[in-house]
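Within every chain, numbering begins at 1; the chains are lettered A, B, ... in the order of the sequence lines, protein sequences first and strands thereafter. Note that this is a predicted model, so its numbers are computed, not measured.
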Amino acid sequence: MASVSIHFFTASTGGLQVLSEESQIIKQRKQKALELEKQGIELFPNDIRKPERTGAIRKVYGDYDAGALEEVEDTFCIAGRIMALRRFGKAAFASIKDSSGSLQIHVSRDRIGKDAYKIFKKFDIGDIIQVEGRLFRTRTNELTIEADWVRLVTKSMRPLPEKYHGIKDKELRYRRRYEDLVMNEEVLETFRTRARIVQMLRSYFTSNGFLEVETPMMQSIVGGATARPFVTHHNALGIDLFLRIAPELYLKRLLVGGCERVFELNRNFRNEGISIQHNPEFTMLEFYEAYATYEDLMVRTEELFAQIAMDVKGSTRFTYQGMEVDLTPPWHKMTLKESLVEVGKVPEEELSHRKALQKRLADLGVEMDEREAAGKYLTKLFDLLVEPNLIQPTFITEYPTDISPLARRNAQNPVVTDRFELFITGREIANAFSELNDPRDQKKRFEEQVANRGDDEEIPPEVDYDYVRALEIGMPPAAGEGIGVDRLVMLLTDSPSIRDVILFPQLRPLTAHGSSTARDPSRTKGGKTEK
RNA sequence: GGGCCGUUAACUCAGUCGGUAGAGUAUCUGCCUUUUAAGCAGAGAGUCGCUGGUUCGAGUCCAGCACGGCCCA
């Protein structure tokens, strides 16, 4: 029975009620709903006439004055959630919200009838209702529907958050996104923009002759990036599988297969920390173009981002969190070493001395493992000293080969690769390179990586020999790029946190008494708990 | 993993020197037919995140834990 579970689940966790708590206010609502039901009012009917959208009505009649509206004989039927209710004795105003906006209605006893008004009085803020009537303007000039009738569409059993401040607690907003969407207009706006950006990315690539594909999210060998993967198990095959950390190696198999332009826009999974710019599952666009170089991709990226910014922002110049950003091409270019010297203020002569770099890192509080690749010292310093300062779009090039296992060596200087990373507002937003297509070099690099792996869970424990085999069949020279879609959306929606652009960001689940399932040892796997 | 901050009514928040819980919204009752954060009068609503400790007495002080936020690694 409910009363039993109530006892179990009333545990309050940081202001969060877990499950079926029965506060007085909810009891009252349920009681009210029962009374309506007893009177023969359906609480959750399904025979609702298709309503008109308030936005469409406003678009047509928004400019009509009171006199002009009197000439309009049509009635309008809308449906939506009661967001505010201002009752008088025998009449009331309510704002009705649908996905296109909201419209005020006026309900009076004289017009809808005594019995109907009695039922209307039982409606609450949060209920979804349907209304039909003619348009008029109130004394305060608000476009309003004078209801001929009102009908309950869906009864709301819980009160909405406070009407003026809405729901502010970030934890509540992420956990109960449905409530956040009901209360905070700008949330839906952000996700509409996200949809538009995704759509534009897709149409940019398809219209440029790229084939959209879907490659495995469950992989038996991880690859394509350095990151700790999630592990799952396939019962029928009796094997562990990894959720992909990148689609790269499959997309390049498709280059081998003759797909000269391919892209995939989908989710990656990385079993790492959660932060203001990291969610365990995130959306990435990867594209590969045969007979192109990383330099061609710079041009594409500039063009693509400028196009999207023009559409979303109306300009290639805008502000992000108070920072002026200018995406007008061409963007700055700097080699990794140049950036360390010019932006990071590291003396040039130190850059080729591991000991000096190590000391500098130690002074910054970073202990490096001796076994780390030399290039790691540079990128670590870069992360600390340079990256946060790259506000304007900047391509950083010449990444060391030892930390770029899939990238083509530079023809003049084989210790660096033909690669760039793109930074905007102090964040990495894209990573691209001319692809390594020499199977001999690729095999060697994979094998060295695995041999030097130690217990580093970010490095794949196994060489993907099938990928090497594919290269042996022959992959045309090509360049490929990955774009962090969530971060791009953050930039263009002025969102400070990745959680603001992901509808349901990952949070620790709540259970009875606020303890966490993650603490249940039977559910912990490969845990980070050991010190 | 570390540091700082937060957790009080459904929501947004107060809570003084440690003295036994407050406001607004929402809800309920009454009045009110042009309001829009409607208004007026009244009422109900709390395991002060959890567990311990100090104390005659803890929302308040101390410790641990949980969840979250921000920063750092």
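Both A:Arg111 and A:Asn141 lie near RNA chain B, and the one whose nearest nucleotide falls closer to the 5' end is A:Arg111. Nearest-nucleotide assignment on RNA chain B puts the 5′-proximal partner with A:Glu179, out of A:Thr138 and A:Glu179.
Between A:Arg158 and the phosphate of B:A10, there is no side-chain N or O to OP1/OP2 separation shorter than 4.0 Å. One finds no side-chain N or O of A:Arg29 lying less than 4.0 angstrom from the OP1 or OP2 phosphate oxygen of B:C28. Close to B:A10, at under 4.0 Å from its OP1 or OP2, lies no side-chain N or O of A:Lys27.
For B:C40, the O4'-C1' to base torsion is more than 90° from 0; the nucleotide is therefore anti.
Here the options are A:Arg158, A:Lys155, A:Arg81, A:Lys32, the test is salt bridge (charged side-chain N to carboxylate O under 4.0 Å, His left out), and the partner is A:Asp127; only A:Lys155 passes. With A:His106 as the fixed residue, the ring pair (Phe, Tyr, Trp, His ring centres under 6.0 Å) test singles out one of A:Phe93, A:Phe120, A:Phe88: A:Phe93.
B:A63 and B:C70 have their C1' atoms separated by 24 Å, given to the nearest Å. Separation of the C1' atoms belonging to B:C31 and B:C5 is 47 Å when rounded to the nearest angstrom. Nucleotides B:G59 and B:U47 are separated by 12 Å at their C1' atoms, to the nearest Å. Rounded to the nearest Å, the gap between the P atom of B:C56 and that of B:C48 is 23 Å. Nucleotides B:U25 and B:A14, compared at atom C1', are 15 Å apart to the nearest Å. The P atoms of B:C28 and B:A10 are separated by 16 Å, rounded to the nearest whole Å. Nucleotides B:C65 and B:G46, compared at atom C1', are 23 Å apart to the nearest Å. B:A66 sits 15 Å from B:U51 when the P atoms are compared, rounded to a whole Å.
Judged purely by distance below 3.5 Å, without hydrogens or angles, the side chains of A:Asn279 and A:Arg499 never pair a donor atom with an acceptor atom.
Here the nucleotide nearest the side chain of A:Phe93, chosen from B:U34, B:U33, B:A73, is B:U34. Which of B:C67, B:C70, B:C11 sits closest to the side chain of A:Lys170 comes down to B:C70. Closest to the side chain of A:Pro159, out of B:U33, B:A10, B:U35, is B:A10. The side chain of A:Asp124 lies closest to B:C28 when the candidates are B:C67, B:C11, B:C28. Closest approach to the A:Ile125 side chain among B:C28, B:A26, B:A37 is made by B:A26 (side chain taken as heavy atoms from C-beta onward).
In the displayed structure, A:Lys313 atom NZ is contacted under 6.0 Å by more than 12 heavy atoms of other residues, nucleotides or ligands.
Taking the six-membered ring for Trp and the full ring otherwise, the centers of A:Phe395 and A:Phe423 sit at least 6.0 Å from each other.
Interatomic distance, CD of A:Glu428 versus CZ of A:Arg487, reported as 6.0 Å (0.5 Å rounding).
Here A:Lys90 lies in heavy-atom contact (under 4.0 Å) with a base. Residue-level contact check: A:Leu143 touches neither bases nor backbone, having no heavy atom under 4.0 Å from any strand. A:Arg87 comes within contact range of at least one nucleobase, with a heavy-atom separation under 4.0 Å. Here A:Arg499 lies in heavy-atom contact (under 4.0 Å) with sugar-phosphate atoms only. Within the 4.0 angstrom heavy-atom criterion, only backbone atoms of the sugar-phosphate kind lie near A:Lys32; the bases stay farther away. If you check every strand for non-hydrogen atoms under 4.0 Å, A:Phe136 touches a base. A:Leu160 comes within contact range of no nucleotide atom at all, as no heavy-atom separation falls under 4.0 Å.
With centroids closer than 5.5 Å and planes inclined by less than 30 degrees as the test, A:Phe88 and the base of B:U33 fail to qualify as a stacked pair.
B:C71 atom C1' lies 15 Å from atom NE2 of A:His278, rounded to whole Å. Across the protein-nucleic acid pair, A:Tyr178 atom OH and B:A10 atom C1' stand 12 Å apart, rounded to whole Å. Computed from coordinates, the A:Ile25 CD1 to B:A43 C1' distance equals 14 Å when rounded to whole Å. Protein atom CZ of A:Phe123 is 19 Å distant from nucleotide atom P of B:A26, rounded to whole Å. The separation between A:Leu103 atom CG and B:U34 atom P is 19 Å, rounded to whole Å. Atom CD1 in A:Ile82 sits about 14 Å away from atom P in B:A26, given to the nearest Å. The distance from atom CD1 of A:Ile26 to atom P of B:A10 is 8 Å, rounded to the nearest whole Å. For the pair A:Ile276 CD1 and B:G69 P, the computed distance is 10 Å after rounding to whole Å.
Looking at A:Arg139, its side chain has no donor and acceptor atom pair within 3.5 Å of the base of B:U34. Applying the 3.5 Å distance criterion, the base of B:G69 shares no donor-acceptor pair with the side chain of A:Glu171.
Within the 4.5 Å cutoff, no side-chain heavy atoms of A:Arg137 are placed close to those of A:Glu142.
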Exercise. How far apart are the C-alpha atoms of A:Asp494 and A:Gln321, what are their side-chain angles, what is the distance that settles it, and do they pass the side-chain hydrogen bond (donor to acceptor under 3.5 Å, both in side chains) test?
Worked result: CA-CA 6 Å; A:Asp494 200 14; A:Gln321 301 292 298; 3.0 Å; yes

Exercise. Does the side chain to side chain contact (heavy atoms under 4.5 Å, CB included) test come out yes or no for A:His278 and A:Ile274, once each step is laid out?
Worked result: CA-CA 5 Å; A:His278 297 89; A:Ile274 293 176; 5.8 Å; no

Problem set entry | Watson-Crick or G-U pairs under 3.5 Å in RNA chain B, rendered as dot-bracket with [ ] for crossing pairs and | for another strand | (((((((..((((.....[..)))).(((((.......))))).....(((((..]....)))))))))))).

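For A:Phe191 against A:Asp500, the heavy-atom pair with the smallest separation is CZ-O, 3.5 Å.
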